[in-house]
Asker: 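Before we start, here is the structure in question, set down as C-alpha cells.
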Amino acid sequence: MKRIIEICANSAQSCVEAEAGGATRVELCAGIPEGGTTPSYGEIKTAKALTSKIDINVIIRPRGGDFLYTEAEVQSMLLDIELCKELKVHGVVFGCLTKDGGYRCTLDAALDRGGKTSVRNLSSCFRCLPGPIHRVGAANRVGMRPYLTSGQQSDAVKGIPLIAELVKRADGRIIIMPGCGVRENNIGKIEAETGAKEFHTSARSIVYSKMEYRNENVPMGSSIVSSEFETVQTDREKVKAYI
C-alpha cells in the first residue's frame with residue numbers, strides 16, 4: 001500500500017504547498033500554537049478555491065485547552081460543521097470528552113439529538129481519545145476514520161509500541177494514523193515498526209516577512225512569539241521528502 005501523507009496546514013497557502021508536494025490530504029487549522037483551532041470561513045473557502053486534487057479536512061475546535069466543552073461551544077462547533085458541509089470540504093476533525101475523560105462527549109450527544117445529518121457525507125477524524133485500546137472500537141462504531149494518535153507519548157517515535165498494538169487491533173477496520181514528531185528522518189522507522197500506512201505531519205519552513213518598516217518594540221500578540229516578521233508555512237519540498 002502506498003504511503004499516505006496528511007499535512008497539518010495552517011493556511012490556504014499551506015494547502016497549496018501540500019498539494020504541490022504530493023500530500024493526499026490536509027488538516028486545515030488556525031491557531032497552531034494552541035494546538036489548532038477552527039479556521040475562518042474565508043480561509044476554508046480560499047483553500048478550496050486554490051486546490052483541486054487534495055482532500056481538505058477542517059479542524060472543529062473553538063479554542064485551545066482541554067476537550068471538555070460548554071453547551072455554547074458545542075453549538076458553535078455544530079454550526080462550523082454545517083458550514084464545512086456547505087463548503088463541500090472532504091471532512092472534519094474534532095475531539096470532545098466528558099469531564100472524566102469518557103468518550104460519550106457533548107458533541108456526540110448533540111448529534112444524537114437530531115444533528116446527525118451535520119456530519120453525513122463528511123469524513124470524520126477524532127483527535128482526542130484518552131484510552132486508546134478500547135476507544136478504537138468506539139471510534140469505529142461512530143465512523144471515525146482515521147484515528148490520529150501519538151501512542152499516548154510526546155511524539156510518535158516514543159509511542160511506537162502502542163501504535164503498533166493499535167494497528168494490530170484495528171485490523172483494517174479503521175485507519176491508525178501516527179502523528180506528532182513525524183519527520184522525514186523517522187517516518188520509515190515508524191512505518192516499519194508499527195505497520196501504519198497513513199501519517200500526519202506539518203512539513204513547515206519559516207517564511208520571512210518582506211516588510212521594510214518594522215517596530216518590534218510594539219508587538220500585536222504574545223511575547224512568546226519570537227518575531228512578528230516570521231511565519232511558518234507548509235513547504236512543498238519538505239512534503240515531497242515524505243512521499
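When a residue number appears, it is its place in the shown sequence, counting from 1.
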Asker: Does one hydrophobic cluster hold both Val16 and Val239, with members joined at side-chain heavy-atom distances below 4.5 Å?
Answerer: no
Asker: So, for Ala241 and Glu184, which heavy atoms are closest and what is the spacing to 0.1 Å?
Answerer: CB-CB, 4.0 Å
Asker: Is there a path from Tyr147 to Ile163 through hydrophobic residues (I, L, V, M, F, W, Y) whose side chains come within less than 4.5 Å of each other?
Answerer: yes
Asker: Any pair with a residue in residues 33-43 that passes side-chain hydrogen bond (donor to acceptor under 3.5 Å, both in side chains), sequence neighbours left out, goes on the list, sorted by first then second residue, please.
Answerer: Tyr41-Lys45
Asker: Salt-bridge test for Glu165 and Lys168: reply yes if a basic N is under 4.0 Å from a carboxylate O, no otherwise.
Answerer: no
Asker: Apply side chain to side chain contact (heavy atoms under 4.5 Å, CB included) to Gln233 and Thr231, showing your working.
Answerer: CA-CA 7 Å; Gln233 179 178 287; Thr231 55; 5.7 Å; no
Asker: To the nearest 0.5 Å, tell me how far Gln152 CD sits from Cys180 SG.
Answerer: 11.5 Å
Asker: Return the minimal non-hydrogen interatomic distance between Gly151 and Leu162, and the atom names on each side.
Answerer: O-CD2, 3.5 Å
Asker: Not counting sequence neighbours, list each pair that qualifies as a salt bridge (charged side-chain N to carboxylate O under 4.0 Å, His left out) and has a residue in residues 198-207.
Answerer: Arg25-Glu198
Asker: Is there a side chain to side chain contact (heavy atoms under 4.5 Å, CB included) between Ile5 and Ile187? Walk through the geometry before answering.
Answerer: CA-CA 10 Å; Ile5 300 299; Ile187 190 170; 3.7 Å; yes
Asker: Cation-pi check for Tyr69 against Arg63: NZ or CZ below 6.0 Å from the six-membered ring centre and within 45 degrees of the axis, yes or no?
Answerer: no
Asker: Less than 4.5 Å apart, side chain to side chain, heavy atoms only: is that true for Ser202 and Asn10?
Answerer: no
Asker: Please identify each residue that fulfils side chain to side chain contact (heavy atoms under 4.5 Å, CB included) with Thr24, with sequence neighbours left out.
Answerer: Ile4
Asker: Can you list everything that forms a salt bridge (charged side-chain N to carboxylate O under 4.0 Å, His left out) with Glu19? Sequence neighbours excluded, please.
Answerer: none
Asker: With sequence neighbours excluded, tell me which residues meet salt bridge (charged side-chain N to carboxylate O under 4.0 Å, His left out) with Asp55.
Answerer: none
Asker: Assess whether salt bridge (Lys or Arg N to Asp or Glu O under 4.0 Å) is satisfied between Glu82 and Lys85, documenting all intermediate values.
Answerer: CA-CA 5 Å; Glu82 286 292 342; Lys85 188 176 178 183; 5.1 Å; no
Asker: Examine Val26 and Tyr242 and state if one hydrophobic cluster contains both, with Ile, Leu, Val, Met, Phe, Trp and Tyr joined whenever side-chain heavy atoms are less than 4.5 Å apart.
Answerer: yes
Asker: In terms of hydrophobic clusters joined by side-chain contacts under 4.5 Å, are Phe94 and Leu87 together?
Answerer: yes
Asker: Could I get the full list of side chain to side chain contact (heavy atoms under 4.5 Å, CB included) partners for Val157, not counting sequence neighbours?
Answerer: Asp155, Ile160, Asn186, Lys189, Ile190
Asker: Could you tell me the separation between the OG1 atom of Thr149 and the CG atom of Leu166, rounded to the nearest 0.5 Å?
Answerer: 5.5 Å
Asker: Please round to the nearest 0.5 Å and tell me the distance separating atom CZ of Phe199 and atom CE of Met177.
Answerer: 10.5 Å
Asker: Checking Lys158 now: which residues fulfil side-chain hydrogen bond (donor to acceptor under 3.5 Å, both in side chains) with it, not counting sequence neighbours?
Answerer: Ser154
Asker: How close do Pro178 and Ala156 get, heavy atom to heavy atom, and via which atoms?
Answerer: CB-CB, 4.2 Å
Asker: Please report the interatomic distance CG(Leu28) to CD1(Ile54), rounded to the nearest 0.5 Å.
Answerer: 10.5 Å
Asker: Check side chain to side chain contact (heavy atoms under 4.5 Å, CB included) between Ile206 and all other residues, then give those that pass, not counting sequence neighbours.
Answerer: Tyr208, Glu230, Val232
Asker: Could you measure the distance from the NZ atom of Lys238 to the CD1 atom of Ile7? Nearest 0.5 Å is fine.
Answerer: 11.0 Å
Asker: side-chain hydrogen bond (donor to acceptor under 3.5 Å, both in side chains) with Asp235: which residues, sequence neighbours excluded?
Answerer: Ser205
Asker: Ignoring hydrogens, what is the shortest heavy-atom contact between Ile176 and Ala196? Give both atom names and the distance.
Answerer: O-CB, 3.9 Å
Asker: Determine whether Cys15 and Leu50 satisfy the following criterion, side chain to side chain contact (heavy atoms under 4.5 Å, CB included), listing intermediate values before the conclusion.
Answerer: CA-CA 8 Å; Cys15 292; Leu50 295 180; over 6 Å; no
Asker: Excluding sequence neighbours, so at least two apart, what forms salt bridge (charged side-chain N to carboxylate O under 4.0 Å, His left out) with Glu86?
Answerer: none
Asker: Return yes if some donor-acceptor pair links the side-chain N/O of Glu27 with the main-chain N/O of Asn57 below 3.5 Å, else return no.
Answerer: no
Asker: Just to verify, what does Ser209 make a side chain to side chain contact (heavy atoms under 4.5 Å, CB included) with, not counting sequence neighbours?
Answerer: Met211, Arg214, Phe229
Asker: Checking side chain to side chain contact (heavy atoms under 4.5 Å, CB included) for the pair Cys8/Ile32: CA distance, chi angles, key distance, verdict?
Answerer: CA-CA 9 Å; Cys8 180; Ile32 294 296; 4.0 Å; yes
Asker: Nearest 0.5 Å please: distance from the CG atom of Leu148 over to the CD1 atom of Ile175.
Answerer: 12.0 Å
Asker: Looking only at heavy atoms, what is the nearest atom pair of Ala18 and Thr234, with distance?
Answerer: N-CG2, 4.0 Å
Asker: Give the cluster check for Leu79 versus Ile59: same hydrophobic cluster or not, with ILVMFWY residues linked at side-chain heavy-atom distances below 4.5 Å.
Answerer: no
Asker: Compare all side-chain heavy atoms of Val182 with those of His200 and state whether any distance is below 4.5 angstrom.
Answerer: no
Asker: Mind checking side-chain hydrogen bond (donor to acceptor under 3.5 Å, both in side chains) for Arg183 and listing every partner two or more places apart, or none if nothing turns up?
Answerer: none
Asker: Show the nearest heavy-atom pair for residues Gln153 and Ser150, with the distance to one decimal.
Answerer: O-OG, 2.7 Å
